[in-house]
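Lettering of chains follows the sequences in order, A, B, ..., and the numbering in each one begins at 1.
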Amino acid sequence: MFRAILTSRLQSAFTAAGIELPEGFLPNVVIASDTRYGDYQSNAAMTLAKQLKTNPRALAEQIKAALRVEDLCEKITVDGPGFLNFTLSAAALAQRLAVIVKDDHVGVPQVEQARRIVVDFSAPNIAKPMHVGHIRSTFIGDSLARIARFIGHQVITDNHIGDWGTQFGMILHGWKTILHHEALDKDPIQELVRVYKAVNAQTKADEAVLTTCRTELVKLQQGDPDNMEIWTRCVALSLEQLRQIYGKLDIHFDHYLGESAYNDKLAPLVEHLLTSGIAEISDGATCVFFRDVPELADKPCLIRKSDGGFLYATTDLATIDHRIDEWKADEIWYVVGAPQELHFRQLFQVAKKRGQNTRMQHVAFGSILGQDGKMFKTRSGESVGLLEVLAEAIERAAAVVAEREGLTDLEKIQIAEVIGTGAVKYAELSQHRMTDYKFSWDKMLALQGNTAPYLINAYVRTKSIFRKLDAEITLTPELTITEPAERALALKLAQLAEITHDVLLDFRPNLLASYLYELADTYHSFYEACNVLRAEGAVRNTRLTLCEATSRVLKTGLGLLGIQTTERM
RNA sequence: GCACCCGUAGCUCAACGGAUUAGAGCAUCUGACUACGGAUCAGAAGGUUUCAGGUUCGAAUCCUGACGGGUGCGCCA
C-alpha cells in the first residue's frame, strides 16, 4: 500500500524534475530490510544514473527535491551510493491503522482487473492413500487459491484426481482374484492398496499377470460393464475418504474433475491434432515435435501410444480445452512437483501451437525425502500417511492443551485440532517451495519457535485483552503513536498488501508465513513493552486499536495460509 | 550423454541485485514470573554463504567453469 503510493509519487517526481526516463523504466520501492535507514527505500536513482550516465547521489537529491510526500513521510534521506530512504510519519501510520480495523480486507486493496484463474492442485490417485508426499501440492495450492481470491481474482479450484491410470488394470485383476470383501468393508483404501501391491508384486514375477492386467484395462476403457462397475465402486470409496481428509484440513474444491472426465474427448483431440498438422506419427506412436524449440528439439510429446492407448499429456490437453472453453480461464496454475517440469514445458508448447494464449504456469515444488535422503516412493519405501501425521499432530497439541484450566473437554479437542493441523500446514508453507526437505516428525509437529502455535498464541493474546475489558469499548480514531514498539507494530500491520502481492508474483506462500511470524514477534515485543489495560485516554485507545488490528491481520493472514485460529488455547 | 533443481551457523531453514554487522527456529548459555495468558520476552555464543574466476558503485543472489547431491529425458501417471 505505502509501497504502491511511494512508487507512483516517485514517477510524478521524475516528471516534475524533468528527468527523461529510459523506455520501460519503473522505479523500485521496497520495504527496508533494516529500519535504521527508514521504512521504505528506493534504488531508482542508482539504476537510473547508470543508464543516464550521471552521478547517482546528485540525481537522488534532484528527485528528493521534486518529491511530494509530505502527507506520508516525516523524513526522506539520501544515503550511501544514492539510496532514497523514506520514514513514514506517525500520522500516516495512524491513518492506515484506522483503515485496518474497519476494512473487510484489512486494508488490502482489490485488483483492478480480476482474472479468472484455475488452480489445479492436490490431485491424489484413487485407490491409494494420501501420504505426506501430497502435503506440498495440497497446502501450497490451497493457499495460493485463497490469496488470489482474497485480492479479488475469480478463482476456480479443480482437483484433477488420478482416477483412470494404468494402475486400474492391476486393481481390476486383484479385485477379481484376491479381494477380501470383509476387509474392504472395514477399511476400503487399505484393502485396495493391499490388492494393488500384491498384484504389482505378481507382475514382477510373472509376465503373464501383466498381460492379464493390460487386458482388464483395455476392457475397462472399452466400457465393459463388469469392470465399469468395479471402477465406479473404487472411485466412490476413495472419494468418500478423500472428502473426509479435506474436511479435516478445511480445504474445499469447486470441482473434482478427474482424468476419466475427459475419456471421450481424447480420440477426437488426437485426430484434430493430426489433421491440423500439429501432430505426426513416429514409430507407430502419435507425437508432437518441437523442432523450432532448441531445448525440446529431441523431446517430442507423446499423445497416443502405438497400441492406440492415450497418455498423460493427452488428458491434460483435453483438460486445458475444458478450462478454456467452458470456464473461460485467463490463467491456469498447476501446483505439481518439480520432476514434472519437462511434461509441462511440452504441454504448454503444444497449447501454444494450438493458439491457446491463456497464461499457464507450472508452480513447481521440491520433494519430500525419506530419512535416507531419497524421494518417497509409493510402491517401494513406505511413506507416512497424511491422516497419521494429522492424528499425531493433534495428539501432541492435545497433550499441551490438557494442562490448561478453564476449558471444557470439547473446547480442548477443538483447540488441539486447530493447533495440530495448523502446525503441519505451517511447517510446509513456511518453507521455500523449491527446497527439498527430509520428512521429520519433530519438525512437522513442533509447537515452539517459528510455528503455527506461536502465531496463534499472539492472536489469543489480542483476544484475551478484550475479554479483560469491563464493558464494551468503542475504538475512536484518536490515535497517538509514540513508543518505538507501537510504531514498529503499526508499520508491520500496514504491509499485508505488499506481501500478498509479492506472494503471487512468485507463487511463494512462505513469504506470507514469514511476514506473519515477524508480525507475531513484533506484537509479542509490543505486548511486553507497552501495557494496554493500565494505559489511559488516547494512549489506551491507540494500543487497543493496535491489538484489534493485529488480531484482524493475524486471523486474515493465517486464513490465507489455510490455518484456523482459536480464541483461547 | 543432455536438461532442470539444489549446495548458507552443530541441525532445520530464510534472505534471490542493495547497506558499517548474511537473518530466524531448534539445540547450548545468561537474565525476566505477587503474569493485560511464560505455547512469552530481553540478551550471549555460533557462518571465508561448496570452490575458482567474471560482470557491477554493490553479489549468497547474475554469468562461466569445477566439485558434491537430487530429479527428468517417445509409448507410466
Task: A/H501, NE2 atom: more than 12 neighbouring heavy atoms under 6.0 Å - done: no

Open item on the list: Let me confirm one number: the CZ-CG distance from A/R136 to A/L429, rounded to the nearest 0.5 Å.
Closed with: 9.5 Å

Select one nucleotide: of [options], the one nearest the side-chain heavy atoms of [X].
{"X": "A/A285", "options": "B/C75, B/C73, B/U40", "value": "B/C75"}
{"X": "A/H524", "options": "B/U40, B/C13, B/G18", "value": "B/U40"}
{"X": "A/N85", "options": "B/A19, B/A14, B/C5", "value": "B/A19"}
{"X": "A/L302", "options": "B/C13, B/G74, B/A19", "value": "B/G74"}
{"X": "A/N450", "options": "B/G70, B/G25, B/G74", "value": "B/G25"}

- [ ] Tell me the stems RNA chain B sits in, counting at least three consecutive Watson-Crick or G-U wobble pairs, each under 3.5 Å on both distances.
- [x] B:1-7 with B:67-73, B:10-13 with B:23-26, B:28-32 with B:40-44, B:50-54 with B:62-66

Task: side chain to side chain donor-acceptor pair (under 3.5 Å): pairs with one or both residues in residues 444-459 of chain A, sequence neighbours excluded - done: A/Y426-A/N450, A/Y454-A/D521, A/Y459-A/E567

For [X] and [N], say yes or no: do the ring centres fall under 5.5 Å of each other while the ring planes differ by less than 30°?
{"X": "A/Y527", "N": "B/C41", "answer": "no"}
{"X": "A/F83", "N": "B/G18", "answer": "no"}
{"X": "A/Y37", "N": "B/A19", "answer": "yes"}

Open item on the list: Does this structure show an ion pair linking A/D316 with A/R323, if we count only N-O contacts that are shorter than 4.0 Å?
Closed with: no

TODO: Identify whether any heavy atom of A/E259 sits under 4.0 Å from a base atom; if not, whether one sits that close to sugar-phosphate; answer base, sugar-phosphate or nothing.
DONE: sugar-phosphate

Open item on the list: Regarding A/N531, tell me which of base, sugar-phosphate or nothing describes its non-hydrogen contacts under 4.0 Å with the strands shown.
Closed with: base

Open item on the list: From CD1 of A/I465 over to C1' of B/C36, roughly how many Å is that when rounded to an integer?
Closed with: 5 Å

Open item on the list: Would A/F344 and A/Y334 count as a ring pair (Phe, Tyr, Trp, His ring centres under 6.0 Å) here? Give the steps.
Closed with: CA-CA 9 Å; A/F344 283 106; A/Y334 294 90; 4.8 Å; yes

Got a list of protein N/O to nucleotides 54-60 of chain B N/O distances below 3.5 Å?
unit_1 : atom_1 : unit_2 : atom_2 : d
B/U56  : O2'    : A/K50  : NZ     : 3.4

